[in-house]
Structure formats: structure tokens, C-alpha cells
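The next block holds one structure in the form of C-alpha cells; read it before the comments.
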Number of protein chains: 2
Amino acid sequence: MTLSDSRSTTPDTRDRILDAAEALFVEHGLEATSMRMITGRAAANLAAVNYHFGSKDALIQAVFRRRLTELNRQRLAALDRIEAEASGAQIKPSQIVEAFFGTALALAADTEHGGSTFMRLLGRTYTEPNGFVRQFLAEEYAEVLERFLAALYGSLPGVPREEILWRFHFMMGAMSYAIAGTDALQLFAGTFDDADPQRLMPRLMSFLLGGLRAPLPTFVPTDERHGLDAA
Amino acid sequence: MTLSDSRSTTPDTRDRILDAAEALFVEHGLEATSMRMITGRAAANLAAVNYHFGSKDALIQAVFRRRLTELNRQRLAALDRIEAEASGAQIKPSQIVEAFFGTALALAADTEHGGSTFMRLLGRTYTEPNGFVRQFLAEEYAEVLERFLAALYGSLPGVPREEILWRFHFMMGAMSYAIAGTDALQLFAGTFDDADPQRLMPRLMSFLLGGLRAPLPTFVPTDERHGLDAA
DNA sequence: GTATGATTAAAACGATCGTTTTAATTGGAT
DNA sequence: ATCCAATTAAAACGATCGTTTTAATCATAC
């Protein structure tokens with residue numbers, strides 16, 4: 001065997017490196033995390049990363065792929081189940097939203113197996129400037145996005161697809177901030193006591209569905225202000 | 001004079017460095033942008049950054065402060081105007097949202113004076129892991145956030161403040177992705193033709209207000225699934 | 001026990017980083 | 001014209017980066 005037996009009682013060097021890198025990437029970012037920081041935290045030799053993964057870039061991909069493959073598999077499985085239960089009938093947008101974002105939030109709530117750590121990393125990586133990371137994420141997400149967007153199109157007939165695409169993008173942003181919330185919100189409001197992850201899910205879901213089902217914007221071609229009526 | 005006369009016909013070295021750094025920070029990120037890249041693009045000597053700003057960190061702060069001070073000044077002015085016109089009466093949440101996010105989007109639509117460039121940078125910096133950047137942004141935003149959150153609390157009586165705080169956070173995430181949308185969405189959906197910045201404003205506003213005014217989540221203390229009714 | 005392949009250890013590689021130092025050049029005021 | 005402060009230019013600093021090389025150690029099959 002060459003790589004990743006991965007079925008041993010104590011985590012081998014390869015897994016320790018992945019865990020250390022994941023945690024450090026969240027804490028300092030991809031670029032600011034050095035190989036020496038990673039191998040130091042993993043109690044491995046400096047050359048171990050290049051030996052097991054080939055390069056730092058390959059390690060970054062391995063860190064993301066390890067979690068992302070399983071997350072997207074769960075997402076597709078949830079969508080499959082919904083579509084099977086509907087058996088051709090109309091699917092509610094809330095079901096689709098919950099399948100996509102609920103699965104992610106469930107992983108983000110899993111603090112025992114490092115899922116929470118990874119989701120914080122993933123949330124801030126959607127806007128990562130690093131070119132190869134962006135392309136890698138795009139490829140990893142291609143199938144899932146295609147499936148879920150198609151499902152949303154079908155569940156919201158009459159709504160322009162561009163509008164759905166934008167709103168899905170907005171929902172991704174809200175989710176990203178929701179997951180990173182513990183980091184960012186404490187900077188905003190001094191004391192932010194209610195970071196109960198159990199409440200985060202319904203909070204985000206209400207917000208996302210409210211935004212998704214909001215009245216369509218009335219675009220005024222001139223520079224006249226748009227008229228959104230009150231709350 | 002010691003620094004920043006800043007009223008000359010041709011941009012001086014200091015301004016050229018700020019513009020170059022701003023553009024490079026968007027393209028490559030803060031850490032991945034080197035002093036040599038900055039001074040090279042600005043047609044300045046390598047030592048010019050340390051001479052005019054003192055350090056790279058100080059330059060980063062200068063890049064953000066230059067735009068952020070004016071943006072937040074406009075935001076507070078818009079809020080002042082709204083509260084003056086209301087003269088004690090109830091203010092609609094849509095007005096507050098538009099004052100905060102509309103001002104930002106207007107800056108993001110200003111491609112002539114680099115406002116668009118900066119807002120893309122700002123959006124991805126909210127989740128920046130770099131410690132000193134986060135603290136700097138928190139300080140720059142402290143007053144504005146306090147004012148706007150207080151205004152939202154007043155305009156949404158009966159809604160728990162924690163809920164408003166979270167939803168404001170979600171709105172920040174949606175706006176961040178909205179501004180970075182041109183970058184990120186083209187990775188998602190292959191051809192994404194409708195990036196008309198004129199339509200972005202009403203699109204985002206509808207979504208934000210829909211999310212802000214969504215029904216409050218019903219939190220179920222057990223692990224029972226939450227019941228959000230359909231679309 | 002010994003050979004063999006996988007892994008770890010230790011040291012060094014060239015490159016680039018942010019910063020500093022020293023010198024040259026500029027532009028006004030006297 | 002001359003001095004002086006501000007700015008620019010050029011070169012080097014030590015530190016750290018990702019990576020590679022070479023040697024030592026480990027585990028296992030024979």
C-alpha cells in the first residue's frame with residue numbers, strides 16, 4: 001500500500017497532519033499557515049507533509065476534500081429522498097433549502113469530530129482570492145449546485161431563474177456568516193451571549209426562507225429609487 | 001508639511017501606493033500581496049511604503065480607513081436624515097436597511113473612483129483571520145453598528161434583540177456575497193450574464209427585507225425538527 | 001537474522017518576505 | 001547660489017517560506 005490505510009487505532013501521521021492543518025487554516029488562514037506550524041502541531045517532521053501529500057497546495061485540497069465529499073454526499077442524499085417522497089409532485093422550497101443548508105449547519109454543529117472547525121474554514125473560503133482554491137471548490141460544488149438549482153427552479157415556477165440564482169447566492173452568504181458568527185459577532189456587539197448552536201439552525205432557516213420568498217424586486221431602469229413598502 | 005498634502009494635480013506616491021495596494025489586496029489577499037508587488041504596480045521604490053506608512057500593517061489600515069471613514073460617515077448621515085424626518089415617529093425597518101446597505105451598495109457600484117474595488121475587498125475581510133485587521137475593523141465599525149442596531153431595535157418592537165442582531169449579521173453576509181458576486185457566482189453557474197450592478201440593489205434589498213421580516217423561528221428545545229411551513 | 005520497502009529525522013537548498021540602512025536626488029526658502 | 005528638509009533610489013539585512021536531499025529508523029516478509 002502507498003497511502004492512507006486510515007484504519008488504525010491511533011491516528012497516523014497523515015491524519016494528524018490533516019487535523020492540524022484544518023485547525024490552523026481556520027485560525028490563521030491558508031497563506032499564513034506555514035508547513036512548520038502544521039508539522040509542529042501534528043508532532044510530525046517537517047518533510048512529512050511533502051512526503052504524504054506532495055505539496056502544501058495538495059494538502060489544502062486534501063483538507064477540503066476530506067469533509068466536502070461527505071457533506072455534498074449527504075446533501076444529494078437528502079435531495080434524493082425529498083424528490084422520491086414527492087414522486088413527481090411539487091416540492092416546497094423550504095425542503096430544498098433545508099436539505100442544502102440544514103445539512104451544512106448540522107456539520108457545523110458537530111464539534112466532536114471537527115465538523116465545526118471545517119465549516120468555519122469553508123465559510124470564509126468561498127471568497128478566497130487564491131486562484132487554485134477557488135477552482136478546486138468550484139469543481140467540488142459543480143454537481144451539487146446544478147442539482148439544487150434545478151430543484152429550486154422547479155419548486156419556484158414563475159420566478160426568473162436569475163433571481164433564484166442570486167437569492168441562492170445571498171443565502172450562501174448568510175450561511176457563511178452564520179457559521180462564522182461566533183468569530184465575527186463578538187467583535188460587533190460587545191457581549192454576545194446567545195451563541196447556542198441549537199438555536200442557530202431555526203434562526204437561519206427563518207431568515208433564508210423569508211429572503212427566498214420575498215416579493216420580487218421592481219426594477220426601475222432610471223435612477224429613481226425603488227419602492228419597497230414597510231415592515 | 002510631513003504627510004499627505006493630497007491636493008495635487010497628479011497623484012503623488014502615497015496615493016499611488018494606496019490605489020495599487022487596494023487593487024492587489026482584492027486580487028491576491030492581504031498576506032499574499034508583497035511590498036514589491038505593491039511598489040512595482042505603483043511605480044515607486046520598495047522603501048516608499050515603509051517611508052510613507054511605516055509598515056505593511058499600517059498600510060493595510062490606511063487602505064481601509066481611507067474608504068471606510070467616508071462610507072460610515074455617509075451611513076450615519078443617512079440615518080440622521082431618516083430620524084430627523086421621522087421626528088419621533090416610528091421608523092420603518094426598510095429605511096434603516098436601505099441607509100446601511102444601500103449606502104454600501106452605492107459605493108460598490110462606483111467603478112470610477114475605485115469604490116467597487118474596495119467593497120469587494122471589504123466584503124471578504126469581515127471574515128479575515130488576521131487578528132489585527134479584525135480588531136481594526138471592529139473599532140472602525142463600533143459607532144455605526146451601535147447606532148444602526150439601536151435604530152433597528154426601535155423599529156422592530158417586540159422582536160427579541162438577539163434575533164435582530166443575528167438577522168443583521170445574516171444581512172451582512174448576504175451583502176458581502178452580493179458584492180463579491182461577480183467573482184463567486186461565475187464559478188457556480190457557468191454563464192452568469194446578468195451582473196448588472198443597477199439591478200443588484202433592488203435584488204438585495206428585497207432579499208434582506210424578506211429575511212429581516214420573516215416569522216420568528218419556533219425553537220424546539222429537544223432534537224425534534226423545527227416546523228417551518230411551506231412556501 | 002536479514003533483506004526490503006515505508007516512514008521518519010535532520011539538514012540544507014534557493015527564493016522571497018518585510019524591513020533597515022546609506023546614499024543620491026529633488027524642490028523651495030533664505 | 002546655498003542650505004535644508006523631504007523624498008527617492010539602491011543595496012543589503014536577517015528571517016522565514018516551501019521544498020528537496022540524504023541518512024537513519026521502523027515494520028514486516030522471508
Side-chain angles (χ1 to χ4, degrees), chain A residues 1-25 27-64 128-133 136, chain B residues 1-25 27-64 128-133 136:
Chain A
M1 72 207 67
T2 53
L3 287 182
S4 88
D5 206 4
S6 95
R7 291 291 171 269
S8 112
T9 88
T10 169
D12 59 1
T13 303
R14 193 184 150 88
D15 287 330
R16 291 203 317 275
I17 289 177
L18 285 174
D19 292 336
E22 188 176 69
L24 288 168
F25 288 159
E27 194 171 351
H28 303 100
L30 302 183
E31 304 261 7
T33 300
S34 71
M35 310 278 273
R36 288 162 179 84
M37 291 164 65
I38 296 170
T39 53
R41 183 179 178 125
N45 188 268
L46 170 60
V49 170
N50 284 284
Y51 175 78
H52 285 282
F53 299 93
S55 68
K56 183 183 178 182
D57 282 358
L59 169 62
I60 293 175
Q61 293 198 22
V63 166
F64 279 91
E128 168 76 32
N130 187 317
F132 102 90
V133 175
F136 167 73
Chain B
M1 73 205 67
T2 52
L3 285 182
S4 89
D5 207 3
S6 93
R7 293 291 170 267
S8 114
T9 88
T10 170
D12 59 2
T13 302
R14 194 184 149 89
D15 287 330
R16 291 203 317 275
I17 288 177
L18 285 173
D19 291 337
E22 188 176 69
L24 288 169
F25 287 159
E27 194 171 350
H28 302 100
L30 301 184
E31 304 261 7
T33 300
S34 71
M35 310 279 272
R36 287 163 179 83
M37 291 164 65
I38 296 170
T39 53
R41 183 179 179 123
N45 187 269
L46 170 59
V49 170
N50 284 285
Y51 175 78
H52 284 283
F53 298 94
S55 69
K56 183 183 178 181
D57 281 357
L59 169 63
I60 293 175
Q61 292 198 23
V63 166
F64 279 90
E128 167 76 32
N130 187 317
F132 102 90
V133 175
F136 167 72

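Just so you know, these numbers use all the heavy atoms, side chains as well, and skip hydrogens, waters and symmetry mates. A, B, ... follow the sequence lines: proteins, then strands. Residue 1 opens every chain.
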Under 3.5 Å, which protein N or O atoms sit close to an N or O of nucleotides 11-17 of chain D? Give each pair with its distance.
residue : atom : partner : partner atom : Å
D/dC17  : OP1  : A/S34   : OG           : 3.3

Rounded to whole angstrom units, what separation is found between the [atom1] atom of [X] and the [atom2] atom of [N]?
X	N	atom1	atom2	result
B/D12	C/dG27	CG	C1'	15 Å
B/L59	C/dG18	CG	P	11 Å
A/F53	C/dT8	CZ	P	11 Å
A/N50	C/dT8	CG	C1'	14 Å
B/Y51	C/dT25	OH	P	17 Å
A/I60	D/dG18	CD1	P	9 Å

Just list the side-chain donor-acceptor pairs under 3.5 Å for residues 54-63 of chain B, sequence neighbours left out, or say none.
residue : atom : partner : partner atom : Å
B/S55   : OG   : B/A58   : N            : 3.2
B/K56   : NZ   : B/L30   : O            : 3.2
B/K56   : NZ   : B/T33   : O            : 2.7
B/Q61   : OE1  : B/R65   : NH2          : 3.0

field: Phosphate OP1/OP2 of C/dA6 contacted by A/H52 side-chain N/O (<4.0 Å)
entry: no
- request: Give a yes/no answer on whether the side chain of B/T13 brings an N or O atom under 4.0 Å of OP1 or OP2 in D/dT8.
  value: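 For D/dT8, OP1/OP2 do have a side-chain N/O of B/T13 under 4.0 Å.
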- line: Across all chains, not counting sequence neighbours, the salt bridge (charged side-chain N to carboxylate O under 4.0 Å, His left out) partners of A/E22 are A/R66, A/R67
- request: Apply side chain to side chain contact (heavy atoms under 4.5 Å, CB included) to B/T39 and list each qualifying residue two or more places apart in sequence or on a separate chain.
  value: B/L46, B/V49
query: Residues two or more places apart in sequence or in another chain: which of them pass side chain to side chain contact (heavy atoms under 4.5 Å, CB included) with A/A32?
result: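 Result, side chain to side chain contact (heavy atoms under 4.5 Å, CB included) vs A/A32: A/H28, B/E31.
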Partners meeting ring-ring contact (aromatic ring centres under 6.0 Å, His included) with A/F64 (sequence neighbours left out): A/F118
- prompt: Just how far is it from atom CG of A/L18 to atom CG of A/D12, taken to the nearest 0.5 Å?
  reply: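 Answer rounded to 0.5 Å: 9.0 Å.
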query: Relative to the 5' end of DNA chain C, which residue comes earlier, A/A44 or B/D57, by the nucleotide with the nearest heavy atom?
result: A/A44
